[in-house]
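See structure below.
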Amino acid sequence: MSDTFLLVTLFLPVASALASLFADRYPVVMRKLAFPLLGLGGIFGVFLGLDTLLHGNSATFVYPLGLPWLNWHLRLDSLAGFFIALISIVVVAVSFFGPGYIREFEHGKQPLSILGLFTGLFIEGMYLVVLADDAYSFMIAWELMSLTSYFLVTYQHQRAANRRAGFLYLLMAEVGALAILLSFGILAGFGDGFTFDAMRTAHLSFTWSTIAFSLGLLGFGMKAGIVPIHVWLPEAHPVAPSHISALMSGVMLKVAIYGFMRLSYDLIGNVQWTWGVALLAVGCISALFGVLYALMQHDLKRLLAYHSVENIGIIFIGLGLSMIFYGTGHELLGTLGLVAALYHTLNHAIFKSLLFLGAGAVLQRSHEHDMEYMGGLLSRMPWTGLFFLIGCISISALPPFNGFVSEWLTFQTALQAPSLQSGVLRAVIPLAAASLALTGALAAACFVKVYGISFLGLPRTRNARRTSEASRGMVFGQGLLAVLCLIFGVFPSMTINAINNATLALTHHSLDTATAHGWLWLTPVSAQTASYSAPLVLLGVLLALVAWAIVYYILRPSGHADTVRGPTWDCGFGGLNPRMQYTATAFAMPIRRIFSPVWRLHEKIEREPRKGLPEEPAEIRYQLHAEDITWKWIYQPIERLLNIIARSVGRIQTGHLRHYLTYTFVTLILLLWLIT
Amino acid sequence: MNNWILALIQAALFIIFAPLFAGWIKRVKCWLQNRRPPSLLQPYQDLRRLLSKQVVMSVDASAVFRVAPYIVAAATLLAAIVVPLIAVNLPTTAIADVIVLAGFFALARFFLALAGMDIGTAFGGMGSSREMTISALAEPAMLMAVFTLAMVASSTNLSTVIHYVLADGMVLRPSLLFALLSMLLVGIAETGRIPVDNPATHLELTMIHEAMILEYSGRHLALIEWAAQLKLMLYSVLIINIFFPWGIASELNLVMLSTAIFAITAKLMILGAVLAVSETIMAKMRLFRVTIFLVLALTLALIGILSHIVLEIH
Amino acid sequence: MNALILTLLIPLLSSVAMAVMGQKKIAGSLNIIVSLAQFIATLFMTSVVFKQGHIGASNGQFYIDSFNVYLIALTALVGLTTSLFSRPYMEQERQNGRLSTNRMRLYHTSYQGFLFTMQLALSTNNLGILWVALEGATLATVLLVSLYRTPEAIEAAWKYFIICGVGIAQALFGTVLIYFAAAQVIPDPEQALLIRVLVEHAAGLHPIIMTIAFVFLLVGYGTKVGLVPMHTWLPDAHSEGPTPMSAVLSGLLLNVALYALVRVKILTDGALANNLSGHSPHLAGYLMMGFGLLSFTVAGYMLHRQRDIKRLFSYSSIEHMGLMTFAFGLGVPLATFGALLHMTVHSLTKSSIFITVGHASHIAQTQKIDNIRGLIATQPSVGWGLLIGTAAIAGFPPFGVFTSEFLLLSATMQTHPWLTIPLLVGLAVAFAGLFRHLHPMVYGEKPAEQTGVQANMWPVIIQLALVLWLGLSIPDFLAQWFDQATQLITGSGLL
Amino acid sequence: MLTQLPFYQQAILTLSAMILFTSFALLAQSRVVSIIHAFAWQGAMVALTTALVAYDTGLHHLYISAFLTLALKALFIPWLLHRLIRRLGLIRELHTVEHPVMTMMIATSLVIFCYYVAQPIEQFSETITRNTIAISMSVILLGMLMLISRNKAVSQVVGFMSLENGLFFAAISATNGMPMVVELGIAFDVLIAAVIFGVFFFHIRDSFDSLDVSQFHRLSESDE
């Protein structure tokens, strides 16, 4: 069965891509054919992934494509199944969301066919990356994914920001791909062949495996968005169409995580604890950096993009812990870290897609992407508001939603540090835990800002005031993901049971202790050490509410209306208006003061002088822009260096024939001299 | 089954005695400040009065505003269920460990902060912004302090931790000392006491917690007030039972339970008095000084954890 | 045999015919028809080679084996597609007043003459004829470079002529030296320049003479390949000549020159193999690697400095020729296979890029990158063609350039791991150089008063589709040929 | 040693020395007409060498080569150049050599270098070809040096053609000539090249008003 399902899952996105070619002539094709095909493919993919994941089986397929001596090998094992399911879930949600969302493009300047074509191919590329079982098809799939998503980023290329983002994205994707290729090349060189099976047999010395690992970290990290190679992410995600942002941020980054896991645990194997320390450092920096920059953003999608950096950091913390434990022989704890990372991967995929879809709905309905121009959207788009709130709670790691479970698992892993022999490691890991805790708290602050500024309060602009609820499909797509946020938050034991199969495929270990006490209890190491029962927490909340209802019924004041509505208290001055509300920039101000060295802040104050009274301006505009510090310290020097070299190399092309002939002459003489 | 009932009773004790504890602190403070204290039961009076009042809500309030008090109360209540008051080994403590406990508080705070921003006044936003800033530092400090314990006892389950401290007897551990100090500072910050926040003031420049709930009235306000009192008591009990657990019932018989009730009452009275003294002799800090206060808490917690690793593991 | 004669005669005769008949309206169409006929002849010949394995003719003066057969077919194909493009393009140029009818006659004569020299160079078995054909290629195209008669065009043509002439003269000296060396071991002087005979006697050729000969040939043919620092003519000639000529120069001439270089490398390797001279047996390979890497790196940086769209892509050609030279220099089967594939895909891709570039410069009425804007908005087919073509040449899968670069990189990693670092840096630099210029050209708003042109995009579509096909899967017969050629060049195959 | 060689081989060696001398002469000359004349002499001597070799070896096709060389290099091309400069009015033009002393020193060291490079080949050389490879290589490199040191199109063409003379000389002296097909092909190419050079003179003159190619630096990558 998996054979057929696989073919169908792989075929439908292509079919969707091809169908969209007709979308320019018949725009209805997109809504009625292309997106449903994608969704159908996603549903098949969910079944395929779950089937593989739950049964823990694996199957190999060889397709007569590729090089004569290296056909495309595809392999579907539990880990691949996990990621296929993860991709497919988001694809299904997007296929519900998409038809409504792209309505605004139907009369736009860009052809719909391009959007549909590359969306289909993009999804196809992601599926293939996960399935690839040899380096060659992996690279093809990987680059297909990069290239198509690049075309999607530049879809609205009339805007300069999109072009710039696209260039940056493609350049970094290319550099990353080259690093990955090199890493594979090392494995293939030692392991006699480019199939993953051959690469697994490679026996690498510590130096070579560390080089391969570092290259993999560079390559996959560039796609995943770890600091400091994350810069494309906050540029590219905000400018892509929102359902594409959801796919990119929600799924594509996870595909990079997949590749990284596959490379380091499976292909290189024999993980070293030193790598774990590196990952831990990278993870902590990314997490903190991501959330601190997110706090300074007021463009909603850009903010979410920085949060992706943060969450990737959290995943890397989990992976780092896992490698430290595996590398020091603590397989159970290593698996715990891996499970935490995988769980967070799943969670981030779901809530980040949810948030991007929500941001897309807001963007489409209000035509605003800057939070400073929003406000009061909850009453105007109640469903989107509700689902967005669920996304915010999940990403802020609050119980009983899903984000909490994975961060909890990560904490639990970190807390097992005393079982390590090395004192330094024992001391380092708590620091990582501290930064994770700080990250979580800051993320909560950030999402209070996001939700409070954009959905609560009063509408700050006319656009925000006129907003109305998104279409039914868009709401449904978000609702689907929101429900999953709750389900994965409340039933962690079941989820981990499934994830166990994936870790089994990757490292031959699984975390059976976590679910040893039945579905109600989650006990990562043992019941004495830590336990969490999310279903009971939910039950407790419900019981508390029921109890309150009873108390309220008894104590209810009789005779007059239960609640009255009145104007907001204005301290007696009168004339409250929306502009008096706290802004996003103001909200983050205290945090800005605390962590000020982290950013390069550009403040701009514009005063419009009043006529006759130059001292008292009629209007003051304040703008704050937090520039990514990595630009100044890493990217601009590289660019400068490149230009300097290019200029000096350019000097050899002087334009004078005599010089050119001298080159030939000297070359000849030199070579003759060389050989005698 | 008995254990479950006992656990519920324990939670009920929390709910019932939280206002009393708040009243006790207020009373000691009045004594210290040479004022005539109100009745010990005054907090109950206030709650009853609020509950019976009509709710007046801004026309701009959204669903979040209405829901928030219930979520705040429910989350705090859940926290009360899992914190051991008079007995360890209760089944409810397994529902959530100390990290989840922090999660419950975070959930409550999240919604309170959202509610503060819902109406669209400057006060609410200001309160929320400050609250989230403070918690951004306080929460990690608390987790770090808790992690010190968790590492000492190799567990994050409160029951196990308390058991461990009980079984260990009187041992002077530098790590726990630092953790205690840190927890005290965090507790002060998180429950909005002087010098971080002043629950008695409504001065716009200094308000934090009060600024967020400025628009609440009637039963909503009652729930929030009561949740705040509960949180104060929870933090106190947490500190007492983790660091000074002696007297708590480790077996569920009548003698031990009554001893435990007596012990916890005494300890709470002492802690409340200490808090009152500190609030009397200290002045509220400027907002940006609070940062230093919290960084201190964080540093203490980190030193605690590091001293455990460096000094106590061999 | 007959097909081979046709392949050579058709362009030769039509070149003469074009010169004789003068400029007629139908010249452009005729150009297409004869190119098509030539293509069909090569296909026929290909099928014969496929069945028989090789064709020899004229007493061993011509020999088609698996190394040149696909290049011959490729040459005919690119010649055909470019002729398809050139008819409307040149007509447009004439209407724009850049060309007189007389020069159209020169153009068509030279075009077919050039194709003849290419096919001659590929199909001959005689090193001397190979040289004559390559020199002939310079002569056939030099007047095309100066076709527009602008000062820049004259300058470019003069440089092209002198630099290539001097370069190719070195190659002749190298050929003379080979002949000299061969005369010691091959009794019949008439046979002493035949490649197949030389290969048989390679081990007996004197190593020192062969090394000196190789150096001269490397400098000589390397000039035509566009190896730095002898590349200087290339960007000038590409940018100033008519675009169809740029397409065939980049797509064909460079390939054929590299082909010649590889042929002599085989001989040198054979002579040095028994290690008598004190030189490393891979001396030729090392020299090629050095030049390849240098060209590749320098061209990558040069891309950043360009202001002219055709110069931009001509530097990209230098970069890719450097890559191929490097790959042949590595001398391992994997790299050689990759290089052979790269010759094919680069030729197809680059010529299709030049075709779109031609349309683009007609749309913007300039070759200045700064003034070419909003191509996709103006004419989607041209804009997307350029974008996809550039993505393909930059090595993005699933296009074939990726496949060959993949092979090359993996071969480098197996043999000289540290050289992968300059290779990867170079690829990234070149990529950035291409796209930083490409982005503003294809994207963005349509400039006012810019309108589309009548463009025939079929050549581009066909060629890119072929490149895509080669990226997804290499057809069996082609793989066999590549493999046999690999055996020929390195001594062992892959399959 | 020399005395043991047959007379005509001594003649060939003498001729090769004279060819080398003409190359030096070309480098040093500044008058256009003298340059062309020196070039014609060089061509004639190459042709004479070819004829001598043909006589010595009895290879009859070499007589054709000799004739072709004479016709092309000694007669046609000098005549063409002469005609062109007359038509272009350049007959009295001076092509000054910029650094005569340095050029000569470089040229001398080049000859020594070529000898050094060709030394290992010497052991192979049959009797008549002793060291002629070094001489022909020198002629080639001196031709290149002339191309580099001159700014005028006409001198460059002469340098180019003299470089080719070196090739012809190498072919004839080292290997008794190339196969006939190749010889014919080469001759044809040279012929066409000469014609194209002629065409170019007019183009250049039309566009630049002189044949000074130092003006050719519009196409460059440097910043200026």
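Computed over heavy atoms, backbone and side chain alike; hydrogens, waters and symmetry mates excluded. Naming convention: chains lettered A, B, ... in sequence-line order (proteins, then strands); numbering from 1 in each chain.
Residue T529(A) comes nearest to S154(B) through the heavy atom pair CG2-O, 3.5 Å, listed as atom of the first residue, atom of the second, then distance. Minimum heavy-atom separation, S62(B) to L378(A): OG-CD2, 3.4 Å. Of all heavy-atom pairs between L458(A) and I119(B), the closest is CG-O, 3.9 Å. Looking at every heavy atom in both residues, F147(B) comes nearest to A433(A) through CE1-CB, 3.8 Å. Considering all non-hydrogen atoms of both residues, P140(B) and A434(A) come closest at CB-O, 4.3 Å. Of all non-hydrogen atoms in P430(A) and I309(B), the two that sit nearest each other are CG-CD1, 3.4 Å.
In this structure, F587(A) CZ and M126(B) CE are separated by 12.5 Å, a value rounded to the nearest 0.5 Å. Interatomic distance, CG of L143(B) versus CG of L436(A), reported as 9.0 Å (0.5 Å rounding). Within the model, atoms CD1 of I591(A) and CE of M132(B) stand 8.0 Å from one another, a figure rounded to the nearest 0.5 Å. Here CE of M589(A) is found 4.5 Å from CZ of F288(B). Values are rounded to the nearest 0.5 Å. The distance from atom CH2 of W569(A) to atom OG of S58(B), rounded to the nearest 0.5 Å, is 13.0 Å. One distance of note links CE of M117(B) with CD1 of I453(A); it measures 3.5 Å at 0.5 Å rounding.
Looking at T568(A), the atoms closer than 4.5 Å to chain B (heavy atoms on both sides) sit in the backbone and in the side chain alike. In this structure, chain B has a heavy atom under 4.5 Å from the backbone of A527(A), while its side chain stays farther away.
Among W408(A), F455(A), F411(A), the residue making the largest number of heavy-atom pairs under 4.5 Å with chain B is W408(A). Of the listed residues (L223(B), L158(B), V295(B), L302(B)), the greatest number of heavy-atom pairs within a distance under 4.5 Å of chain A belongs to L223(B). The candidate from A414(A), A544(A), A427(A) with the greatest count of non-hydrogen atom pairs under 4.5 Å with chain B is A427(A). Ranking L542(A), L431(A), V537(A), L576(A) against chain B, the residue ahead of the rest is V537(A), based on heavy-atom pairs under 4.5 Å. For the options A534(A), P578(A), A586(A), A444(A), heavy-atom pairs under 4.5 Å to chain B are most numerous at A444(A). Chosen from T523(A), L545(A), V541(A), the residue pairing most often with chain B at heavy-atom distances under 4.5 Å is V541(A). Of the listed residues (M57(B), E139(B), H308(B), H220(B)), the one with the most heavy-atom contacts under 4.5 Å to chain A is M57(B). For the set C392(A), A437(A), G385(A), G376(A), the entry with the most heavy-atom pairs within less than 4.5 Å of chain B is A437(A).
At a cut-off of 3.5 Å, with distance as the only test, a side-chain donor of T156(B) or Q412(A) sits close to an acceptor on the other residue.
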| Pair Q54(B)-V564(A), side-chain contact (heavy atoms from CB on, under 4.5 Å): steps then yes or no | CA-CA 7 Å; Q54(B) 202 179 24; V564(A) 289; 3.3 Å; yes

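Proximity to chain B at a heavy-atom threshold of 4.5 Å picks out S396(A), L398(A), P399(A), F404(A) from residues 396-404 of chain A, in numerical order.
The closest donor-acceptor contact from the side chain of R426(A) to the backbone of V310(B) lies at 3.5 Å or more, if one exists at all. Put simply, the side chain of T563(A) never gets that close to the backbone of V55(B): no donor and acceptor are under 3.5 Å apart. Put simply, the side chain of S531(A) gets close to the backbone of A94(B): a donor and an acceptor are under 3.5 Å apart. At distances below 3.5 Å, not a single donor-acceptor pair connects side-chain atoms of D97(B) with backbone N or O atoms of Y532(A).
Between F110(B) and F447(A), the ring center distance fails the sub-6.0 Å criterion.
The side-chain heavy atoms of Q528(A) and S155(B), taken from C-beta on, include no pair separated by under 4.5 Å.
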